[in-house]
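Working notes, beginning with the structure itself.
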Protein chains: 2
Amino acid sequence: MADPKKRFEAIIQKLRDNGHKLTPQRLAIVKILAKSEGHPSVESIHVRIKKEFSTMSLATVYRNIVLIKSLGEVLELGFPDGSNRYDGNNPEPHPHVICIKCKKIVDPDLDSLDEMKKEVAVETNFKILNHRLDFFGICGDCMAAKV
Amino acid sequence: MADPKKRFEAIIQKLRDNGHKLTPQRLAIVKILAKSEGHPSVESIHVRIKKEFSTMSLATVYRNIVLIKSLGEVLELGFPDGSNRYDGNNPEPHPHVICIKCKKIVDPDLDSLDEMKKEVAVETNFKILNHRLDFFGICGDCMAAKV
DNA sequence: TGTTAATTGAAAAGCATTATTATTTGATTG
DNA sequence: CAATCAAATAATAATGCTTTTCAATTAACA
């Protein structure tokens with residue numbers, strides 16, 4: 001996990017460099033994304049910031065995520081059920097392991113993926129630009145809790 | 001690729017076994033899913049069947065896909081942009097390679113995935129039940145066409 | 001054929017996301 | 001350290017895809 005403080009500064013700098021204003025709402029959103037603990041959803045970001053800014057609009061969360069996404073500083077994880085989660089701590093594509101019970105998301109280490117990418121490129125004659133790898137299952141905690 | 005005729009029969013049989021009626025609309029949908037050429041979308045299925053049944057409703061396509069999905073006979077591919085494509089020819093989870101230009105979807109052979117799954121299970125202490133692997137890029141045709 | 005419960009078409013409702021608009025505000029300049 | 005102005009915001013309306021509703025239809029089975 002990258003240092004949330006450094007990620008915060010990096011995203012802020014990117015916003016500055018591209019001529020965007022640093023509003024309190026925007027800073028609050030960036031702060032949460034920089035850490036991205038538990039891979040937050042739009043809704044969870046909104047709820048958390050509402051405690052501080054009671055007038056914070058959901059549209060503002062969406063707008064800022066679109067903006068930060070366009071700067072390549074957050075990874076959007078759209079799931080088959082239509083839900084979205086975000087990772088601004090590590091915005092590069094990387095595999096995820098998702099617990100279908102408690103919705104926990106874990107980042108595994110998998111270095112065999114690069115090799116696989118090359119293999120696929122050769123086999124299909126595609127120029128591979130991006131990828132997405134998710135494993136779905138039940139985490140140790142939920143297995144234990146089941147009894 | 002599985003034989004579309006056999007897949008058609010298999011899906012029909014599953015529907016029968018679970019006490020569902022075989023309406024002409026349903027049969028038309030199953031027929032397209034059994035082949036799943038190009039991994040059709042709800043919209044493309046609807047358009048194709050409308051030529052035969054002008055009154056075919058989009059809701060009917062959705063309803064039948066939900067049903068067939070619940071029987072495990074079609075794989076739903078929800079993409080990050082929110083679009084959905086279907087594969088009733090090979091309903092087991094398998095990797096896809098998607099062209100971001102022409103939306104073509106290709107199924108590559110990748111047998112190293114099983115090994116990866118075990119690796120992840122050990123590392124994260126999850127019981128892995130399912131997975132999803134997509135590569136995004138530009139296909140040979142679109143590369144050539146670009147000039 | 002008649003009966004019945006499942007299925008359908010058409011339209012309304014849901015729901016997440018995006019667009020609109022009047023207002024507010026951060027950043028720059030004099 | 002105001003004044004200015006483009007950008008950002010809050011609130012709300014609109015959009016687009018998917019699901020639900022419900023009366024009418026129809027496949028399945030006796």
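Every chain is numbered from 1, with letters handed out A, B, ... down the list of sequences.
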(message) Return whichever of B/Leu58 or A/Ser54 has its heavy-atom-nearest nucleotide of DNA chain D closer to the 5' end.
(response) A/Ser54

(request) Could you check how far CG of B/Leu15 sits from P of C/dA5, rounded to whole Å? (result) 21 Å

(request) May I ask you to say whether A/Asp141 pairs ionically with A/Lys104, meaning some side-chain N is under 4.0 Å from a carboxylate O? (result) yes

(message) Contact list please: residues 21-47 of chain A against DNA chain C, heavy atoms, distance less than 4.0 Å, in numerical order.
(response) A/Lys21, A/Leu22, A/Pro24

(request) Compute both the distance and the angle, then confirm whether A/Arg26 meets the cation-pi test with A/Phe53: under 6.0 Å from the six-membered ring centre, within 45 degrees of the axis. (result) no

(request) Round to a whole Å and report the spacing from CD1 of A/Ile68 to C1' of D/dA8. (result) 13 Å

(message) In this structure, how many angstroms lie between the P atom of C/dT18 and the CG atom of A/Asn84, rounded?
(response) 9 Å

(request) Ignoring hydrogens and angles, tell me if any N or O in the side chain of A/His94 forms a donor-acceptor pair with the backbone of A/Glu92 under 3.5 Å. (result) yes

(request) Determine the interplanar angle of the A/Phe136 and A/Phe79 rings, folded into 0 to 90°, and report it as parallel if under 30°, tilted if 30 to 60°, perpendicular if over 60°. (result) perpendicular

(request) Return the 5'-most residue of the pair A/His20, B/His20 with respect to DNA chain D, ranking by each residue's nearest nucleotide. (result) A/His20

(request) Starting from P on D/dT25, measure out to CE on B/Met56 and report it in whole angstrom. (result) 18 Å

(request) Measure the distance from CG on A/Leu67 to C1' on D/dT9 and round it to the nearest whole Å. (result) 14 Å

(request) Output yes when A/Glu76 and A/Arg85 qualify as a salt bridge under the 4.0 Å nitrogen-oxygen rule, no when they do not. (result) no

(request) Kindly say if A/Ser57 contacts the phosphate of D/dA11, meaning a side-chain N or O under 4.0 Å from OP1 or OP2. (result) no

(request) State which of C/dA19, D/dA10, D/dT20 makes the closest approach to the side chain of A/Thr60. (result) D/dA10

(message) Measure CZ/B/Phe53 against C1'/C/dT7 and give the value in whole Å, please.
(response) 13 Å

(message) Between A/Asp134 and A/Arg132, does any side-chain N to carboxylate O distance fall below 4.0 Å?
(response) yes

(request) Applying side-chain contact (heavy atoms from CB on, under 4.5 Å) between B/Val30 and each of B/Asn64, B/Val74, B/Ile68, B/Leu22, report the one that passes. (result) B/Ile68

(message) Distance check needed: C/dG26 C1' versus A/Asn64 CG, whole Å only.
(response) 14 Å

(message) Rounding to an integer number of Å, can you tell me how far A/Glu52 CD sits from D/dT9 P?
(response) 14 Å

